[in-house]
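The structure under discussion appears below in the form of structure tokens.
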Amino acid sequence: MPKKILIVDDNELIVEVMSYILINSGYDVSSLSNGDMVVDEVKNTHPDLLIMDAVMPGMDGRAICKILKDDKETGNMPVIICSAEDDLDEALRQDGAPDDILHKPFDITALIHKVELQLAA
């Protein structure tokens with residue numbers, strides 16, 4: 001059974017590109033376009049990995065990550081935050097930190113490598 005990945009980004013092109021790459025790599029991919037429904041979606045669908053933009057309408061990706069990491073039900077799910085911000089590496093050292101960061105723009109190899117690394121952990 002393929003691993004389930006949830007992508008959350010308000011940029012439709014990013015969602016399309018990531019989905020295309022990951023579906024062609026054998027993953028089951030779903031997506032949301034804002035942060036408002038992420039926590040409920042994760043609790044309902046139990047994805048194996050969450051890839052989420054840091055800044056988007058509704059709830060901020062870093063705040064969502066902290067909520068998920070602090071919850072016993074979702075705390076072990078790997079989360080990759082993606083952003084064009086250079087100072088995002090600081091987020092890895094904070095309480096409720098994501099498991100990895102994908103800097104935009106990203107290449108296919110970097111995306112697949114980070115996904116494989118988190119799903120293998």
Side-chain angles (χ1 to χ4, degrees):
M1 181 169 241
K3 297 280 190 176
K4 294 190 296 187
I5 299 174
L6 174 61
I7 299 170
V8 184
D9 199 309
D10 58 319
N11 183 324
E12 287 182 36
L13 182 59
I14 293 287
V15 171
E16 283 182 35
V17 169
M18 278 190 187
S19 296
Y20 178 82
I21 293 166
L22 295 171
I23 288 168
N24 283 314
S25 296
Y27 298 105
D28 178 9
V29 178
S30 59
S31 65
L32 293 172
S33 60
N34 68 56
D36 292 332
M37 299 172 43
V38 175
V39 175
D40 288 339
E41 182 72 12
V42 166
K43 288 186 176 192
N44 290 332
T45 64
H46 307 286
D48 298 295
L49 173 66
L50 173 61
I51 302 174
M52 182 170 42
D53 191 13
V55 180
M56 56 190 160
M59 195 177 282
D60 180 84
R62 290 166 284 207
I64 296 167
C65 185
K66 180 161 177 32
I67 291 167
L68 292 170
K69 291 297 184 178
D70 288 346
D71 187 315
K72 286 184 178 182
E73 186 181 344
T74 58
N76 291 327
M77 179 191 59
V79 176
I80 299 173
I81 293 280
C82 50
S83 179
E85 296 178 15
D86 290 332
D87 65 345
L88 205 56
D89 290 328
E90 177 66 26
L92 287 173
R93 295 184 285 279
Q94 296 174 356
D95 184 38
D99 298 279
D100 206 345
I101 293 172
L102 180 65
H103 292 279
K104 293 179 186 176
F106 59 87
D107 63 33
I108 295 170
T109 307
L111 173 63
I112 292 172
H113 174 73
K114 287 182 183 282
V115 166
E116 288 175 348
L117 189 68
Q118 291 307 317
L119 290 174

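Basis for what follows: all heavy atoms, side chains included, without hydrogens, waters or symmetry-related copies. The first residue of the sequence shown is numbered 1, and numbering continues consecutively from there.
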Worksheet item: How long is the span from the CZ atom in Phe106 to the CD1 atom in Ile80, to the nearest 0.5 Å?
Response: 10.5 Å
Discussion item. Could you check whether any side-chain N or O of Asp99 sits under 3.5 Å from a backbone N or O of Val79, counting only pairs where one atom can act as donor and the other as acceptor?
Written reply: yes
Discussion item. Would you say that Met77 contacts Leu6 through its side chain, given a criterion of any heavy-atom pair below 4.5 Å between the two side chains?
Written reply: no
Discussion item. For Gly96 versus Cys65, what's the shortest heavy-atom pair and its separation?
Written reply: O-SG, 3.4 Å
Discussion item. Can you confirm whether Asp53 sits close enough to Asn11 that some side-chain heavy atom of one is under 4.5 Å from a side-chain heavy atom of the other?
Written reply: no
Worksheet entry | Close side-chain approach of Tyr27 to Leu119, heavy-atom, < 4.5 Å | yes
Worksheet item: Does CG in Asn34 sit with more than 12 non-hydrogen atoms of other residues, nucleotides or ligands closer than 6.0 Å?
Response: yes
Worksheet item: About how many Å separate CD of Glu16 and CD1 of Ile7, when rounded to the nearest 0.5 Å?
Response: 11.0 Å
Worksheet item: Any chance CG of Leu117 has more than 12 other-residue heavy atoms, nucleotides or ligands included, within less than 6.0 Å?
Response: yes
Item to complete: Please examine the side chains of Ile51 and Leu22, heavy atoms only from C-beta on, and report whether any two atoms are closer than 4.5 Å.
Response: yes
Response to the item:
Between the CE atom in Met18 and the OG atom in Ser31, the distance rounded to the nearest 0.5 Å is 11.0 Å
Worksheet item: Tell me, do Lys104 and Asp9 make a side-chain contact under 4.5 Å, heavy atoms counted?
Response: yes
Discussion item. Using modelled atom types and a 3.5 Å cut-off, is there a donor and acceptor pairing between side-chain atoms of Lys114 and backbone atoms of Asp100?
Written reply: no
Practice prompt. Output yes when a side-chain donor or acceptor of Lys43 lies under 3.5 Å from a complementary backbone atom of Val38, and no otherwise.
Written response: no
Worksheet item: Looking only at atom types and distance, does a side-chain atom of Asp71 sit under 3.5 Å from a main-chain N or O of Ile67, one as donor and one as acceptor?
Response: no
